[in-house]
Each structure stands twice: as structure tokens, then as C-alpha cells.
Amino acid sequence: MKIQTITSIPEMRKAASEFKGRIGFVPTMGYFHQGHLSLVESSQRSCDHTIVSIYVNPAQFGPGEDLTNYPRDIRKDIEKLGKYDVDYVFLPDDALMYPQNYKTWVSVDEITDFLCGKSRPTHFKGVTTIVAKLLNIINPDKIFLGEKDYQQLIVIRKMVADLNMNVEVIGCPLIREDDGLAMSSRNKYLSEKERDRAVNIYRSLKKAQAMFAKGIKDSESVTTEIKRILLDSELKIDYIEIVNPNTLRSETQLSKGCRILIAAYSGKTRLIDNLEIK
Ligand code: PAF
């Protein structure tokens, strides 16, 4: 199917406002893998129309992060969307989203101060600002976000609730490669060796689940075991946290439904992953 692309805000606003049925919106930074495409599939299943945006948002990258190297391939992305029933792909650019003298930011307090927010202090302000802008332009009924970026999902839910935004936030399951590595556009940075090491992040999460199944519930013992697996695999740990899935606050005991969140470096690449304890 030929995908229609839009690069202007008035045009995007008009096209979206002319739809009669429910609109699903999938915001992305492109370089699609099956994780992105699963969000499109979810939108297609529960909405009448689907709009995808592709925009590498500079505001969510800190100084020295990978903004310039972030993988991009718009042509291939659009080709991949051809298999789906996508109505429009919105392709804004920096001049459109952050024109000269841009001054307005949306930020969510507290839950952005820890986990990824600790090592990336300006990241979530960039995410919430761009998502709020895109929601204002497209005005969808539902926004589809992956659970891979679990903190991002909770932060966006909080923004939507606090600002009384008229959109339903749908969290979609994290998608893994066959060997368990969480799909991410940043996996492209990994050398073969770094990729082999990175698989141990999932292995450590599975070990945590197995410990819980055996009755080991104290977070400290489980975290110590995860740490051992990651360090033995030559991964550099940013954080390992066992948290309440709604507040993201640390839990001293594992229980069904809690989440284990991990950020770790394989070589220079920072990877995140998480698992819901069942
Ligand atoms: O998850 C992402 O790809 C980005 O953070 C998002 C939500 C598209 C905002 O730029």
C-alpha cells in the first residue's frame, strides 16, 4: 500500500481532524524493528485509523549522547509500513517542532528524577514535550507506546492524566530477538561480542523470575544475583531496580506484577530492559 507522508503541521492537523472513526497514534524515532511494527499492529487492531510519526527528537538527547549517530532510514521505514494499514506518516523536522525562539517545555516532576532520569537528567522533559506537541497536532483517541521504555510509558501516562489530555495511553509488550535481547534501534551499535554480552541482561531477568518462583522474594538477594550475572558478562551497570509498576518506587520484596528494570552498557552502548514478575 502506498503510504501518504505529511511534513506540515496544518496539513497533519487537517488530515487527522477529517477522520470519522477512532485514531491510533504511534510516535517513533524511526529505524523500525518488530517492536515498532507491533505498535502499529496494536493500533490497527483497535482503531479505525493509524498515524505514525517519525522524528528523531533532539530535545531528548543529552550533551554527548548519540543524537548525530542515531540510526535513521526513512525510506526503509516507509517501505516497512507498506504492509500495514497506516493512513499517514507524519515527518516533522527540527524547524517545525522547535522553531527559533522556542520557549515552552512540558516536564513531569519526581518520577523523572531517578532510574533513567538520574543519568539522563534532561531526557524525559524532551520526551514529554515532543509527545505533548504531537498529541496536540494529531489529537488521537489512543497513543501506543512500548513497555521496553517502561519509565517513559509511566511518565507519559502521568503527563496525560495531570494535563487532562483526551487520549488513552496503551502500553504494548516489549518484543525480543530470538535469543532474548530486547529489540532496540540502538542494538545496531553493538559489535558481535557486545551483542553476545548484552543477551545476558535478559538472562539475568529470567534468573530473577526463577528465583521468585522458588520463593526467594527479597529484592536485595535478587538484585545481587542480577548484578553478578551482568558483571560476569562484562556489562557496566547503570541501575538494577525492583519497582512498583505504577509508581516506579523501589520495592524491598518481589511480588507478582512488580517490574525489574535494568540499564547497562555493553561497550559504549546503553541498553535498557525490564521484566514483569509473574
Ligand atoms: O520512544 C521513542 O521512540 C521516543 O521517546 C518517542 C516516544 C517517539 C518520543 O520522541
Side-chain angles (χ1 to χ4, degrees), residues 6 9 12 24-43 50-62 65-74 76-78 80-81 86 88-94 96-98 102 104-108 111-112 115-117 119-138 140 142-160 163 165 167-175 182-189 261 263 269-274:
I6 294 186
I9 293 174
M12 185 67 261
F25 172 47
V26 181
T28 79
M29 299 208 300
Y31 209 71
F32 291 161
H33 48 67
Q34 194 49 42
H36 297 108
L37 300 175
S38 73
L39 302 179
V40 175
E41 282 164 15
S42 296
S43 172
T50 296
I51 298 174
V52 175
S53 67
I54 303 177
Y55 176 58
V56 181
N57 172 34
Q60 68 189 75
F61 290 78
E65 288 187 356
D66 56 342
L67 172 63
T68 38
N69 294 335
Y70 194 85
R72 295 162 168 88
D73 195 339
I74 299 266
K76 221 179 195 162
D77 286 344
I78 290 174
K80 286 183 181 168
L81 291 179
V86 170
Y88 295 108
V89 180
F90 184 40
L91 300 170
D93 64 14
D94 293 346
L96 217 55
M97 298 320 277
Y98 301 105
Y102 186 84
T104 305
W105 300 95
V106 179
S107 65
V108 175
I111 53 168
T112 55
L115 299 167
C116 288
S119 55
R120 307 186 73 195
T122 56
H123 170 67
F124 288 112
K125 180 175 152 191
V127 171
T128 41
T129 299
I130 197 66
V131 172
K133 285 166 71 71
L134 292 166
L135 289 173
N136 279 338
I137 295 166
I138 293 166
K142 299 186 187 193
I143 177 170
F144 293 84
L145 297 160
E147 287 183 348
K148 152 96 179 353
D149 297 282
Y150 194 76
Q151 188 177 11
Q152 166 173 283
L153 172 64
I154 300 304
V155 168
I156 292 175
R157 271 197 206 291
K158 186 79 183 119
M159 171 187 77
V160 164
L163 295 181
M165 291 172 150
V167 65
E168 192 182 343
V169 179
I170 312 288
C172 301
L174 184 159
I175 307 291
M183 287 194 186
S184 163
S185 304
R186 289 191 167 100
N187 290 349
K188 178 185 158 58
Y189 301 146
L261 308 186
T269 306
R270 186 173 179 281
L271 300 167
I272 55 173
D273 200 344
N274 69 82

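One-based numbering, in listed order, for ligands and for the atoms of each.
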Test side chain to side chain contact (heavy atoms under 4.5 Å, CB included) on Ile137 and Met97 and set out the steps. CA-CA 11 Å; Ile137 295 166; Met97 298 320 277; 4.1 Å; yes
List, for ligand 1, each N/O atom that has a protein N/O partner under 3.5 Å away, with both atom names and the distance.
| unit_1 | atom_1 | unit_2 | atom_2 | d |
| --- | --- | --- | --- | --- |
| ligand 1 | 1 (O) | Gln152 | NE2 | 2.8 |
| ligand 1 | 5 (O) | Gln60 | NE2 | 2.9 |
| ligand 1 | 5 (O) | Gln152 | OE1 | 2.7 |
| ligand 1 | 10 (O) | Gln60 | OE1 | 2.6 |

Applying salt bridge (Lys or Arg N to Asp or Glu O under 4.0 Å), name anything that partners Glu65, two or more places apart in sequence or on another chain. Arg120
What residues form a salt bridge (Lys or Arg N to Asp or Glu O under 4.0 Å) with Asp66, not counting sequence neighbours? Arg186
Can you find a pair of side-chain heavy atoms, one from His36 and one from Val26, that are under 4.5 Å apart? no
Before you tell me yes or no, could you show the steps for Phe61 and Tyr70 under ring pair (Phe, Tyr, Trp, His ring centres under 6.0 Å), namely the whole-Å CA-CA distance, both residues' side-chain angles and the distance that decides it to 0.1 Å? CA-CA 10 Å; Phe61 290 78; Tyr70 194 85; 5.7 Å; yes
Show every donor-acceptor pair shorter than 3.5 Å between a side-chain atom in residues 27-34 and any protein atom, with sequence neighbours excluded, or say none if there are none.
| unit_1 | atom_1 | unit_2 | atom_2 | d |
| --- | --- | --- | --- | --- |
| Thr28 | OG1 | Gly30 | N | 3.1 |
| Thr28 | OG1 | Ser53 | O | 2.7 |
| His33 | ND1 | Gly35 | N | 2.9 |

